[in-house]
Amino acid sequence: AQSVTQLGSHVSVSEGALVLLRCNYSSSVPPYLFWYVQYPNQGLQLLLKYTTGATLVKGINGFEAEFKKSETSFHLTKPSAHMSDAAEYFCAVSSRFQGAQKLVFGQGTRLTINP
Amino acid sequence: NAGVTQTPKFRVLKTGQSMTLLCAQDMNHEYMYWYRQDPGMGLRLIHYSVGEGTTAKGEVPDGYNVSRLKKQNFLLGLESAAPSQTSVYFCASSYGEVGNQPQHFGDGTRLSIL
């Protein structure tokens, strides 16, 4: 079964600094990969996804992620953090479960932005 | 533009009580899902449906039942609530199978079992 590991349950950066959220997955074949963001008291919103093709994927709000097959990683980055980026971020991978594709989520990384 | 709507938003139950959580989507999506979110564990799939009249078990189905009598609604039932079911429950829907189509999430139902 697929699994997802997000390194660091909490990440804190200064406003304007680089954001790097790490995600590693276990898979023997290239999966579909996703990053979701959750703001307080809200559901999850899709930031970006990788299915096939270009390994550098651009998402909303200036975020991007790079699929690295050799490292089984899909790290999320943003060059310059903004206060509005404070939220919880989830990496997810598609996994076939009982004949259908499902999402398997990492445990989440809470991002704090310091002024 | 409602998207996915969950009812209720908050609920407190006593151990042994029953309740039903309602999820409604207005996007004509075929697939619907129920997840629970617990601290440090991400989201775990409880049950899902690939179309009206169908349901299937996810990773953590024990203690829950579901029904999809209408395409737009997906109900999650707790027949005899237990403290271990204290969680935030999220419903999601998608037009097609995950990977090809993104999942759209509701805002969650916060459920406490005393």
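Below, chains carry the letters A, B, ... as their sequence lines are ordered, and counting in each starts from 1. On a predicted model such as this, the values are computed, not experimentally measured, just so you know.
- With respect to A/Y50, the ring-ring contact (aromatic ring centres under 6.0 Å, His included) criterion is satisfied by exactly one of A/F34, A/F67, A/Y25, A/W35: A/F67.
- Interface check for chain B: of the options A/L44, A/L46, A/V104, the most heavy-atom pairs under 4.5 Å are formed by A/L44.
- In B/Y95, the OH atom is not crowded: 12 or fewer heavy atoms of neighbouring residues, nucleotides or ligands sit closer than 6.0 Å.
- B/E30 meets the salt bridge (Lys or Arg N to Asp or Glu O under 4.0 Å) test with B/K71; sequence neighbours excluded.
- Between A/R110 and A/E88 there is a salt bridge, since at least one side-chain N of the basic residue sits less than 4.0 Å from a carboxylate O of the acidic one.
- In this structure the side chain of A/Y36 reaches within 4.5 angstrom of the side chain of A/F105, judged on heavy atoms.
- In the model, A/K49 has no side-chain atom that pairs as donor or acceptor with a side-chain atom of A/Y32 under 3.5 Å.
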For a quick test of your reading: what N or O donor-acceptor pairs under 3.5 Å do the side chains of residues 76-86 of chain B make, sequence neighbours left out?
unit_1: B/E79; atom_1: OE2; unit_2: B/N65; atom_2: ND2; d: 3.4
unit_1: B/Q85; atom_1: OE1; unit_2: B/A82; atom_2: N; d: 3.0
unit_1: B/Q85; atom_1: NE2; unit_2: B/G63; atom_2: O; d: 3.1
unit_1: B/T86; atom_1: OG1; unit_2: B/P83; atom_2: O; d: 3.1
unit_1: B/T86; atom_1: OG1; unit_2: B/I113; atom_2: N; d: 2.9

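- Using a 4.5 Å cut-off between heavy atoms, B/R110 contacts chain A through its side chain alone, with no backbone atom that close.
- Contact between A/S3 and A/V93 at its shortest, heavy atoms only, is O-CG1, 4.5 Å.
- Note on ring orientation: taking the six-membered ring where Trp is involved, the planes of B/F105 and B/F90 are perpendicular (angle over 60°, cut-offs 30° and 60°).
- Contact residues of residues 31-42 of chain B toward chain A are B/Y35, B/Q37, B/G40, B/M41, B/G42 (heavy-atom distance under 4.5 Å).
- Within residues 5-18 of chain A, no residue has any heavy atom under 4.5 Å from a heavy atom of chain B.
- The pair B/E52-B/R68 does not count as a salt bridge, with every side-chain nitrogen at least 4.0 angstrom from each carboxylate oxygen.
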